[in-house]
Amino acid sequence: MVSEVTEYCLMTRSRRISRVVTSIYDEELRPFGLSSSQFSLLVLIARLSGASRAEIGRANFQERSTSTRNLQLVLDEGWAEEVMPEKGRSRPIVISKAGRDLLAVAMPAWRSAQAQARQLLGDNGASAIVQLSARLPVEELAG
């Protein structure tokens with residue numbers, strides 16, 4: 001049983017790959033005071049341009065408490081901001097000028113991490129990850 005899981009478990013192996021690849025990005029982004037998850041969250045906020053906390057959490061496949069904690073860090077740093085709506089209670093979150101500026105200066109570090117990860121995974125491995133992630137059942141994961 002242990003040997004079967006050790007050798008063939010897709011969850012264990014994908015988590016190991018994720019930790020190794022994440023550490024590459026974290027190392028490159030650290031000089032900017034930014035973690036890979038914060039960088040990814042800022043990019044998502046910029047892409048969604050005015051999404052609610054719940055929408056951001058669903059788009060990032062995170063449970064509510066994790067999403068709230070991560071969003072609060074980004075808001076506290078001033079990299080994103082809540083827009084006060086004219087009507088309603090929902091306050092959309094948008095990337096701030098400081099957040100856009102941070103992404104711009106951190107992009108060379110992200111590109112360096114991207115190149116390192118691609119080298120580690122090989123072109124076939126990197127392409128496989130992109131293709132597999134594009135095929136994930138988004139509706140079910142966002143649930």
Side-chain angles (χ1 to χ4, degrees), residues 1-83 85 88-143:
M1 175 176 68
V2 171
S3 133
E4 180 182 355
V5 171
T6 303
E7 292 180 39
Y8 302 108
C9 180
L10 298 175
M11 181 269 306
T12 301
R13 294 205 173 237
S14 62
R15 288 177 60 99
R16 186 178 306 154
I17 292 166
S18 176
R19 285 191 295 273
V20 169
V21 170
T22 297
S23 71
I24 292 170
Y25 287 85
D26 281 341
E27 185 67 29
E28 287 294 323
L29 294 168
R30 186 171 292 119
F32 301 94
L34 198 56
S35 70
S36 58
S37 62
Q38 292 166 334
F39 182 89
S40 178
L41 183 57
L42 278 176
V43 169
L44 178 64
I45 291 168
R47 183 172 59 88
L48 295 176
S49 70
S52 69
R53 288 173 182 264
E55 290 166 333
I56 292 168
R58 281 191 301 272
N60 215 15
F61 304 106
Q62 291 180 322
E63 65 175 28
R64 186 179 184 146
S65 62
T66 302
S67 181
T68 298
R69 185 175 54 251
N70 291 342
L71 274 172
Q72 197 57 52
L73 289 169
V74 168
L75 290 165
D76 289 347
E77 289 292 338
W79 300 331
E81 54 199 15
E82 291 182 288
V83 177
R89 294 182 345 178
S90 179
R91 295 180 306 211
I93 295 176
V94 297
I95 193 165
S96 67
K97 180 179 179 339
R100 282 190 305 276
D101 292 347
L102 178 60
L103 286 179
V105 299
M107 275 305 292
W110 176 86
R111 287 186 178 115
S112 174
Q114 184 82 345
Q116 290 174 54
R118 181 171 282 282
Q119 182 177 12
L120 174 70
L121 297 167
D123 287 338
N124 289 340
S127 293
I129 288 173
V130 170
Q131 289 171 9
L132 287 169
S133 67
R135 291 185 3 219
L136 290 176
V138 176
E139 311 78 40
E140 292 173 28
L141 293 175

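For this chain, numbers begin at 1 and follow the sequence in order. Only this structure's heavy atoms are used, side chains among them; waters, hydrogens and symmetry mates stay out.
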L44 vs R47, side-chain contact (heavy atoms from CB on, under 4.5 Å): CA-CA, chis, key distance, verdict: CA-CA 5 Å; L44 178 64; R47 183 172 59 88; 3.0 Å; yes
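- For S18, the side chain to side chain contact (heavy atoms under 4.5 Å, CB included) criterion is met by T22, not counting sequence neighbours.
- Heavy atoms from other residues, nucleotides or ligands lying under 6.0 Å from CD of Q72 number more than 12.
- Distance CD1/I93 to CZ/R53: 4.5 Å, rounded to 0.5 Å.
- Between N60 and T66 the shortest side-chain heavy-atom distance does not fall below 4.5 Å.
- In terms of the side-chain hydrogen bond (donor to acceptor under 3.5 Å, both in side chains) criterion, S40 has no residue partners (sequence neighbours excluded).
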Worked check of side-chain hydrogen bond (donor to acceptor under 3.5 Å, both in side chains) between S23 and E27: CA-CA 6 Å; S23 71; E27 185 67 29; over 6 Å; no
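- Listed here is the closest heavy atom pair of S96 and E81: CB-OE1, 3.8 Å.
- Remark: Q62 CD to T68 OG1 distance equals 9.5 Å, nearest 0.5 Å.
- By the 4.5 Å heavy-atom criterion applied to side chains, L42 and L34 are counted as neighbours.
- Listed by chain and number, the residues in a salt bridge (charged side-chain N to carboxylate O under 4.0 Å, His left out) with D26 amount to none (sequence neighbours excluded).
- Of all the heavy atoms in L29 and A109, the pair that sits closest is CD2-CB, 4.2 Å.
- Enclosure of atom CG in L10 is not indicated, since only 12 or fewer non-hydrogen atoms of other residues, nucleotides or ligands lie within 6.0 angstrom.
- L102 approaches W79 most closely through the heavy-atom pair CD2-CE2, 3.3 Å.
- Of the possible polar contacts, one joining the S133 side chain to the V130 backbone as a donor-acceptor pair under 3.5 Å is found.
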Derivation and outcome, side-chain contact (heavy atoms from CB on, under 4.5 Å), residues L103 and I95: CA-CA 10 Å; L103 286 179; I95 193 165; 3.5 Å; yes
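- Annotation: N124, atom CG; neighbour count of heavy atoms from other residues, nucleotides and ligands within 6.0 Å does not exceed 12.
- In this pair, W110 and F39 present their aromatic rings parallel. The plane angle is below 30°, not in the 30 to 60° band.
- A side-chain donor-acceptor contact under 3.5 Å links R13 to the backbone of E7.
- Inter-residue side-chain proximity for Q116 and E28 is flagged as met; some heavy-atom pair is nearer than 4.5 Å.
- The shortest heavy-atom contact between G78 and A98 is O-CB, 3.6 Å.
- Remark: the Q114 side chain and the Y25 side chain contain an N/O donor-acceptor pair separated by less than 3.5 Å.
- Not one N or O on the side chain of S52 forms a donor-acceptor pair closer than 3.5 Å with the backbone of P92.
- A59 approaches L48 most closely through the heavy-atom pair CB-CD1, 4.0 Å.
- The two residues L75 and E82 have their closest heavy-atom pair at CD2-N, 4.1 Å.
- With rounding to the nearest 0.5 angstrom, the CZ atom of R64 is 10.0 Å from the CZ atom of R58.
- Looking at I45 and L41, their side chains come closer than 4.5 Å, going by heavy atoms from C-beta outward.
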